[in-house]
Q: 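Shown below is the structure under consideration.
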2 protein chains.
Amino acid sequence: MVYRPGRVLSNRAAVIGMNRPTMEDVAERAKVSRALVSLVMNDSPQVSDEKRRSVLQAARELGYRPNLIARILAQQRTHTIGVLVDDLRNPFFGEVVDGIEAEAADHGLRVLILNGHRDARREAEAVETFLQLRVEGMALVGARLDDSDTARVGLAGPCVMVASGAVHTGVDTVGTDDRRGAELAVEHLAALGHTRIVHLDGGTNVSAGERRSGYESGMRSAGLGDLVDIRPAGDDEADALEVIDELLADDDPPTALFAFNDLLAAGALNRLADAGMAVPGDVSLVGFDNTFISALRHLSLTTVNQPTLAMGRLVVATLLQRLSDGPSGPIRHTLQPELVVRSTTGPPRGGAILSPARPRPR
Amino acid sequence: MVYRPGRVLSNRAAVIGMNRPTMEDVAERAKVSRALVSLVMNDSPQVSDEKRRSVLQAARELGYRPNLIARILAQQRTHTIGVLVDDLRNPFFGEVVDGIEAEAADHGLRVLILNGHRDARREAEAVETFLQLRVEGMALVGARLDDSDTARVGLAGPCVMVASGAVHTGVDTVGTDDRRGAELAVEHLAALGHTRIVHLDGGTNVSAGERRSGYESGMRSAGLGDLVDIRPAGDDEADALEVIDELLADDDPPTALFAFNDLLAAGALNRLADAGMAVPGDVSLVGFDNTFISALRHLSLTTVNQPTLAMGRLVVATLLQRLSDGPSGPIRHTLQPELVVRSTTGPPRGGAILSPARPRPR
DNA sequence: GCATTGTATTAGAGCGCTCTAATGGTTTAT
DNA sequence: ATAAACCATTAGAGCGCTCTAATACAATGC
């Protein structure tokens with residue numbers, strides 16, 4: 001039960017947990033074989049009550065704790081899936097992970113989480129760690145791997161990526177229809193009468209491409225194709241600062257902003273407030289993800305909802321399907337987004353809801 | 001490189017990564033011994049360039065990837081610390097974990113994260129998993145374990161808890177002085193002239209006790225001991241709803257609230273807004289943690305800052321110290337909190353800053 | 001009585017790696 | 001020339017567990 005002072009820091013077999021009583025020790029104390037101890041530890045029904053009791057007692061007395069590492073090596077199964085999270089500070093990812101863990105628990109799978117820190121290199125390392133740990137499947141939640149890394153992962157084993165649209169064929173995907181979500185946002189703004197709608201682009205984030213092209217197609221459908229205006233921003237609050245400043249300095253500043261995600265939108269809201277701009281009076285703003293942040297009354301951000309919990313569960317379901325079906329064409333699950341209209345969107349100054357202005361060529 | 005269709009789902013040796021080329025395979029192909037391959041994989045300097053090259057090539061050709069599980073079992077070292085996070089959706093924890101990972105990386109340690117889901121039972125399970133995985137140390141970030149679980153963990157090996165104040169002597173702690181933080185909040189409100197200051201209590205959260213007693217001592221120091229009023233709430237946004245309703249229905253509603261954390265404060269802000277209460281006009285509000293949420297201009301929540309990054313790094317440093325020193329008296333690191341005054345606090349209606357009202361006995 | 005079935009237990013190989021000690025080969029010192 | 005020292009390489013035990021096949025023993029059938 002207690003870790004042993006003297007041995008700490010000895011070169012080998014030093015640290016916590018290693019160098020503890022083993023099955024052998026328990027077997028010896030209970031005067032049975034190691035195999036029997038193993039059976040007891042695995043709740044085998046074919047053990048007599050008497051032996052079971054004495055084994056359990058011996059285990060308790062010694063403070064025995066099974067060594068998962070040894071067990072995994074012996075049974076060649078980890079019963080574990082690895083979840084790579086792009087950014088632990090973005091609540092959106094936390095919600096997806098909640099879904100993943102719920103479904104994993106239902107199937108007796110352990111979930112190990114590694115943090116990607118919004119950095120492609122570190123994410124590639126994390127993936128490598130999962131692979132070396134022999135997880136049975138991997139979920140990439142928001143990972144921004146480049147194509148070659150993605151390909152490597154896909155080849156290495158079951159891997160589900162949270163993403164939508166065109167992704168490397170080697171990995172399965174579960175995602176919200178980002179393109180459609182972006183279209184919903186633009187349609188909403190266009191219907192309110194906005195024409196000068198700028199997209200704050202998500203940069204290297206996996207979902208950035210789809211949302212960008214959804215924005216573009218939304219603009220075109222609204223007859224605003226000539227006004228497409230995409231500004232590189234990012235996916236974090238801090239990433240909004242520069243772009244907003246730049247936009248406000250514009251000769252013809254936008255009347256509406258469609259931000260890559262809620263965090264970026266929140267950052268934009270901050271900066272707009274600093275600049276004394278009224279939202280939605282002077283400028284309307286739409287986010288993406290419908291995190292709890294957007295629901296805060298004082299932000300009350302219009303945003304696009306993603307069914308995070310369902311996505312998380314579906315990720316694991318997909319992983320399991322892949323595990324049982326073996327390699328084949330990529331599986332693609334696309335869930336539907338929903339526009340959540342709150343208080344950061346309204347008609348443009350002077351614009352009317354019922355008579356949307358015709359696109360002014362710049 | 002590719003996982004093998006035929007074997008997937010076979011009972012044994014089935015899944016991703018297991019059943020892959022081993023060191024033996026590489027050795028055979030490179031026509032050297034397994035031991036030599038091991039040396040190459042570990043960058044040993046005592047390998048001739050020629051052999052090294054041929055081993056690396058063989059490994060590449062086979063798509064060899066070292067099996068971390070086997071390696072760990074053999075060297076009896078995991079080089080891994082386990083981090084138990086109470087709630088992945090609370091950005092505060094994400095920030096602490098960032099600090100932990102930064103320091104861990106500096107010392108060549110892997111960080112494995114498990115999610116506690118704000119549930120004592122699940123957290124105890126997670127701890128057990130870490131122990132069975134033989135992590136070299138554990139960091140409990142916000143874990144709400146009961147005393148007996150905490151004791152078990154402490155006995156099992158190096159364990160640092162993010163917490164302050166009286167904690168089981170078996171575990172080391174790193175934390176912000178929660179009590180002092182709470183006092184700062186109360187002092188600030190009292191100085192503004194508030195007397196009817198209610199504390200929204202954090203429930204089972206580890207830090208709840210200290211913040212509660214800090215509130216109490218703060219009230220007493222301000223001569224407001226008779227007005228101490230603690231309401232059970234929680235640590236999540238949603239936990240604020242009921243309490244706020246209850247408080248607003250009070251004959252003598254408070255003019256100031258000190259919430260357990262920012263999330264709870266944000267929830268309170270929501271509910272107050274719903275009820276048409278002005279903040280800080282009708283009621284002042286202070287949070288805790290200084291998460292990025294509190295900094296959003298539209299909330300602009302007065303709160304108590306915790307040096308999250310420093311805490312995270314210190315957690316790992318403490319773990320390493322414990323690892324090298326062996327068991328001894330508990331290590332306690334307490335960092336200083338700071339009050340961050342923003343826009344949710346102001347003088348009470350009719351109250352003056354310069355002449356704080358005398359405490360009215362209820 | 002002995003073969004048969006069934007149940008509880010155990011021996012022992014094996015999982016993929018690391019690490020110590022031994023080996024063989026070359027160079028240097030004497 | 002022989003011993004000593006050094007270097008690259010390898011044999012083989014061991015990490016703590018699981019799992020198959022073998023074994024012991026009791027109960028059953030004829």
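Letters A, B, ... mirror the listed sequences (proteins, then strands); counts begin at 1.
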Q: From D/dG16, D/dT18, C/dT9, pick the nucleotide closest to the side chain of A/Met23?
A: D/dT18

Q: Nearest to the side chain of B/Ala35 - C/dC17, C/dT9, D/dA11?
A: D/dA11

Q: Given atom CD1 of A/Ile72 and atom P of D/dC15, what is their separation to the nearest angstrom?
A: 19 Å

Q: Between D/dC17 and A/Gln76, is there an OP1 or OP2 to side-chain N/O distance shorter than 4.0 Å?
A: no

Q: A/Leu62 has an atom CG; how far is it from atom C1' of D/dG16, in whole Å?
A: 15 Å

Q: Is a donor from one side chain sitting under 3.5 angstrom from an acceptor on the other, for A/Ser54 and A/Arg29?
A: no

Q: Choosing from C/dC17, D/dA11, C/dT10, which nucleotide comes nearest the side chain of B/Asn67?
A: C/dC17

Q: Counting heavy atoms from C-beta on, name the nucleotide in D/dG16, C/dT18, D/dC19 closest to the side chain of A/Leu73.
A: D/dG16

Q: Is there a side-chain polar atom (N or O) of B/Gln75 under 4.0 Å from OP1 or OP2 of D/dG14?
A: no

Q: Look at the side chain of A/Arg71 and decide which nucleotide, out of C/dC17, D/dC17, C/dC15, has an atom nearest to it.
A: D/dC17

Q: Does B/Glu136 reach the main-chain N or O of B/Thr78 with its side chain, forming a donor-acceptor pair under 3.5 Å?
A: yes

Q: Over how many whole Å does the gap from B/Leu133 atom CG to D/dC15 atom P extend?
A: 20 Å

Q: Atom CZ of A/Arg20 to atom C1' of D/dC17: distance rounded to whole Å?
A: 16 Å

Q: If only side-chain N and O atoms count, and only distance matters, is there a donor-acceptor pair under 3.5 Å linking B/Asn42 with B/Ser44?
A: no

Q: Report the distance from atom CD of B/Gln46 to atom C1' of C/dT18, rounded to the nearest whole Å.
A: 13 Å

Q: Closest approach to the side chain of A/Ser48, judged atom by atom: which nucleotide of C/dT9, D/dT10, C/dT18 is it?
A: C/dT9

Q: How about A/Asp106 and A/Arg313: do any of their side-chain heavy atoms sit closer than 4.5 Å?
A: yes

Q: Taking only N and O in the side chain of B/Ser38, is any of them less than 4.0 Å away from OP1 or OP2 of C/dT18?
A: yes

Q: Could you state the CZ-P distance from B/Arg52 to D/dC7, rounded to the nearest angstrom?
A: 15 Å

Q: Please confirm whether the backbone N or O of B/Leu73 pairs with a side-chain atom of B/Arg134, one donor and one acceptor, at under 3.5 Å?
A: no

Q: Establish whether the base of D/dT18 is bridged to the side chain of A/Arg34 by a donor-acceptor pair shorter than 3.5 Å.
A: yes

Q: For a quick test of reading the model: is some side-chain N or O of B/Thr22 closer than 4.0 Å to OP1 or OP2 of C/dG16?
A: no

Q: In whole Å, what is the span from the NZ atom of A/Lys51 to the P atom of D/dC25?
A: 12 Å

Q: Can you check the B/Leu39 CG to C/dT18 P distance for me, whole Å?
A: 9 Å

Q: Between D/dT10, D/dC17, C/dT10, which one does the side chain of B/Leu36 approach most closely?
A: D/dT10

